[in-house]
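Quick notes on the structure that follows.
Throughout, a chain's letter reflects where its sequence line sits, starting with A, and its residues are numbered from 1.
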Number of protein chains: 2
Amino acid sequence: MVDVAARAGVSVKTVSRVVNNAPYVQPELAQRVLAAVAELGFRRNHLASSLRSGQATATIGLLIEEIANPFYATIAGAVAEVASDHDTMLLIASSEEDPAREQQLLRDLCARRVDGLLVVPAGEDHSFLQSEVDLGTPAVFLDRPAGELRADTVLLDNRGGARAGVRTLVEAGHRRVGILLDSTSVYTMRERLAGAREALAAAGAAIDDRLVRDGIRDPGTAARVVGELLDQPDPPTAFFSLNNRISLGAVEELHRRGSTAALLGFDDFDLARLLPYPFTVVAYDTRALARAAAELLFRRIAGDPSEPRSLLIPTDLVERGLPGR
Amino acid sequence: MVDVAARAGVSVKTVSRVVNNAPYVQPELAQRVLAAVAELGFRRNHLASSLRSGQATATIGLLIEEIANPFYATIAGAVAEVASDHDTMLLIASSEEDPAREQQLLRDLCARRVDGLLVVPAGEDHSFLQSEVDLGTPAVFLDRPAGELRADTVLLDNRGGARAGVRTLVEAGHRRVGILLDSTSVYTMRERLAGAREALAAAGAAIDDRLVRDGIRDPGTAARVVGELLDQPDPPTAFFSLNNRISLGAVEELHRRGSTAALLGFDDFDLARLLPYPFTVVAYDTRALARAAAELLFRRIAGDPSEPRSLLIPTDLVERGLPGR
DNA sequence: ATGAAAGCGCTAACAA
DNA sequence: TTGTTAGCGCTTTCAT
C-alpha cells in the first residue's frame, strides 16, 4: 500500500480510502490511485484489514459431519447462498462425528475470528463455546440441539413428522410395524423413534420392541434386517425406515421378495419415483432448514441481542402408495 | 497475549513460544503460561499470527460451481480430507458458472492470502491469476483446463472414456447412436462428444448430426428429447447420455416406452442397479481426481518448483447389460 | 533460555 | 478533502 501511495503521490490513508470506496476523495486522486493499483498489481490484504478494524472477517464457519454427504452438501449450498448475499465467505470443516475433532475445529474457527458459527453438532457438550459466544462470536445450531449451551437452534420436526407418517400406517390397519434405525445415540433418530411410538400408542397398538432394530448403517444391513423380520413368526406388515440409506436397502429386499408390506421412510429421495417399490416418505426442506439457520446467524452478527430462539422446520408427508393395501 | 504475559509474569515472547510449542522454554514457565492461558480463556489470533509471519494461513481456497451438486460435494469432501492431513482449513466458494463471479471470488480468496487455490474453472481466461501465482499462491485446476494460464491440471479421461463406451455400442452392432448433452460450451461435454465421434468414425459409421442433441439441462428435457428421437423415421438404436442428469431422464422415457434401445451413460450412479432400465456407464473416481489435485497443490505449497504438470484420471466402463441385444 | 523493540499491512483517530 | 500517527495481535530480530 505504501508503494501504491508513493506511486500515486498520495498518502497511504488516501489509498485506503480509495480501495474501500470511502467518500470524500477527489475523483482525480482516485484515478491516480487506481492506476497505481493496477500497475503494481496491488491487492488489499484482507487479514491486515480485519486485524486492524477489529471485527468483520466477512467469513463464517460451518461445522458439519461430512461435506460429501448429500444432506450436508445441501446445507452447505444453502448456507453459501445466504453468505454470498452478505458478501461473506464460508469456511467449512467436517467433524466426522468425532466430538474431540469437533471441539478442536470449532476452536480453530474461532481463532480465525470468523464472524459467526453454524454448527451441526456431533458432541454432547458445547459449553466450551460459551466464552467465545460471550466474546461476540454468535453460534447457531442446526439439525440437532446444542449440548449444555443456550444458543439459537433450528431443528426439523422429526417427532411430528414420524408421528404423522406412522399414523397413516396405523390408519391403513397396520399394527405390527418394523422400525429400522442406525443409532439411538443420534438425536434425530431418537426423536423419530419417539414420534413413531407416540403414533402407535395413540392407536392403542402394543409396541413390540423386537420389531425395533438399530445399528443399521448401510443399505445391505437394512436389507438383511428386513429379511430377518419378515422371516420371524408373526412378521411386521409395515416398515418404518428412519433414514434414506436404510430405505434403500428396505426397498431392495421388499422388491426382491415381492413383499406386500407397506414401507414408510424418513427423508425423501430424488429417485423415489423410479424405485421398484412404492413407498411413502416424510419429506422436509433441507434448504429451508439451512437458510433459516444462516439468516438467524446473520441477524445475530448484525447485532440482534434478543433471547436465543428455537425454530422448528415442518415436515411433509409424500404418499406414493402402500403396496400393503 | 500481553494479559497472559502479565498474569504469568513473563514476556509476550515467552507466551508466544509456549503457544507455538517452540523449544527452549523452561517447563516451569510453560506451566505458568498455560495456566494463565486457561484462566483468561486466551486464544491466539490466527489472523495476526499469519499477518506477521508472512505466509501460512493454513487455509486453501476451493472454487467450484455449486457445492450442493453431488459431484462437487464429493470433490469438496476429498479435498477436505487431504487438507485436514495438512492441518489446513478449506474456504469454499461457488462460482455458479459465472466467469465474472469466478474472477471476483478468486481475487477475494487471494486477498485472504490463502496458501493455495484449487479451481474447477468456469471462465475461459484465467490470466488474471498469473500475478498471484507469480507472487507465490499456487493454483491447481481440476476437471477442466485453465484458460490462458500455464498451471497444474488434473483432468478426467473424458475422451478416452467416451470412446471406450461408444465402442461397446458399435461392437454390439449399433450404428445410429443418439447423443444427448447439455452444452458444448462446457469442456467436458466437448471432450466426451469428441470421444464418441472418434469411436463411431473408427467403425466407419456415418455420424448423423441430427442424432446429436444439446441444450439438455434436466431429466425432463432429456426424456422429451429421447421421445422425439425415437419418433423420427430411422430412429437411433442406442443412446449415449453425456451426464447423469440426462441419463436419468433417458432411463425414465425408455422404460416408459418399453424400448429396447441400448443406453450408455457418462457418470455412474449410486442407484443404477435399482433403476428400471439396464444401462452401461463410463464411471470414474471423483475422489481420486480431487485427491490428486489437492496433493499436487500441497506439493506446490511445500515449494515444489517443477514445471506445471497435467494428470489424467482414467475412466472405467461398467457394463450392466444392454437391452438392445 | 528469555526479553525488548520493531514491524507485518492495514485502518481509527485525530489533525491540518 | 487529505495526511500523520498510533496500534490491531502477533512474530521476527537481535540482544542479553
Side-chain angles (χ1 to χ4, degrees), chain A residues 1-34 36-37 40-59 107-115 131-132 135-137, chain B residues 1-34 36-37 40-59 107-115 131-132 135-137:
Chain A
M1 209 176 221
V2 292
D3 296 346
V4 173
R7 180 99 175 204
V10 297
S11 75
V12 286
K13 179 69 233 196
T14 299
V15 176
S16 173
R17 281 194 251 264
V18 172
V19 168
N20 292 289
N21 300 312
Y24 311 127
V25 180
Q26 280 192 356
E28 186 219 345
L29 277 194
Q31 278 312 322
R32 287 216 317 261
V33 170
L34 255 19
V37 163
L40 273 53
F42 168 81
R43 187 131 313 134
R44 163 161 154 277
N45 185 326
H46 191 270
L47 271 57
S49 159
S50 43
L51 174 61
R52 177 65 244 235
S53 61
Q55 295 304 317
T57 52
T59 310
R107 286 187 192 282
D108 192 358
L109 287 168
C110 291
R112 284 156 196 267
R113 298 301 189 264
V114 294
D115 297 336
S131 54
E132 309 289 352
L135 254 78
T137 306
Chain B
M1 210 176 220
V2 293
D3 295 346
V4 173
R7 180 95 173 207
V10 297
S11 75
V12 285
K13 178 67 235 201
T14 299
V15 176
S16 172
R17 280 195 251 265
V18 171
V19 168
N20 292 290
N21 299 312
Y24 309 127
V25 181
Q26 280 192 355
E28 186 220 345
L29 277 193
Q31 278 312 321
R32 288 218 314 264
V33 170
L34 257 20
V37 163
L40 274 54
F42 168 80
R43 187 132 314 135
R44 165 160 150 276
N45 184 325
H46 191 270
L47 270 58
S49 160
S50 42
L51 173 60
R52 179 63 243 235
S53 62
Q55 294 305 316
T57 53
T59 311
R107 286 187 191 281
D108 191 359
L109 287 168
C110 290
R112 284 156 197 267
R113 297 300 189 265
V114 293
D115 297 335
S131 55
E132 309 288 352
L135 254 77
T137 307

(message) Please check this pair: side chain of B:Asn20 against backbone of B:Ala22, looking for a donor-acceptor N/O pair closer than 3.5 Å.
(response) no
(request) Considering just the side-chain nitrogens and oxygens of A:Arg113, establish if one lies under 4.0 Å of OP1 or OP2 belonging to D:dC8. (result) no
(message) Just by distance, no angles: are the side chains of B:Thr59 and B:Arg113 close enough, under 3.5 Å, to form a donor-acceptor pair?
(response) no
(request) Please check if the side chain of B:Ser50 supplies one atom and the backbone of B:His46 the other of a donor-acceptor pair under 3.5 Å. (result) yes
(request) Return the stems involving DNA chain C, sorted by first number, where pairs are Watson-Crick (N1-N3 with N6-O4 or O6-N4) or G-U wobble (N1-O2 and O6-N3), both under 3.5 Å, and runs are 3 or more long. (result) C:1-16 with D:1-16
(request) Would you kindly give the CD-to-P distance between A:Glu28 and D:dT1, to the nearest whole Å? (result) 14 Å
(request) Could you state the atom-to-atom distance from CE of A:Met1 to P of D:dT4 in whole Å? (result) 15 Å
(request) Can you check whether any acceptor in the base of D:dG9 is under 3.5 Å from a donor in the side chain of B:Arg44, or vice versa? (result) no
(message) From CG of A:Leu51 over to P of C:dC8, roughly how many Å is that when rounded to an integer?
(response) 13 Å
(message) I'd like to know if B:Asp3 and B:Arg7 make a salt bridge, using a cut-off of under 4.0 Å between side-chain N and carboxylate O.
(response) no
(message) Rounding to an integer number of Å, can you tell me how far A:Phe42 CZ sits from C:dC10 P?
(response) 4 Å
(request) Rounded off to whole Å, could you give me the CZ-to-P distance for the B:Arg32 and C:dA1 pair? (result) 16 Å
(message) Please enumerate all residues that pass side chain to side chain donor-acceptor pair (under 3.5 Å) together with A:Ser49, with sequence neighbours excluded.
(response) A:Arg44
(message) Do A:Tyr24 and A:Arg17 have side chains that approach each other closer than 4.5 Å (heavy atoms only, starting at C-beta)?
(response) no
(message) Could you tell me how far apart A:Asn45 (CG) and D:dC10 (P) are, to the nearest whole angstrom?
(response) 16 Å
(request) Evaluate the side-chain proximity of A:Arg32 to A:Val10: yes if any heavy-atom separation is below 4.5 Å, no if none is. (result) yes
(message) Just to be sure I understand the geometry, which residues of residues 7-26 of chain B put a non-hydrogen atom under 4.0 Å away from DNA chain D?
(response) B:Lys13, B:Ser16, B:Asn20
(request) Please report the shortest heavy-atom distance between B:Leu40 and B:Val4, naming the atom on each side. (result) CD2-N, 3.8 Å
(request) Taking the side chain as every heavy atom from C-beta outward, state whether B:Thr137 and B:Asp115 have any atom pair closer than 4.5 Å. (result) no
(request) For A:Leu29, answer base if it contacts any base atom (sugar-phosphate contacts may also be present), sugar-phosphate if it contacts only those atoms, and nothing otherwise; contact means non-hydrogen atoms under 4.0 Å. (result) sugar-phosphate
(message) Please report the distance, rounded to the nearest Å, between CZ in A:Arg52 and P in C:dC8.
(response) 16 Å
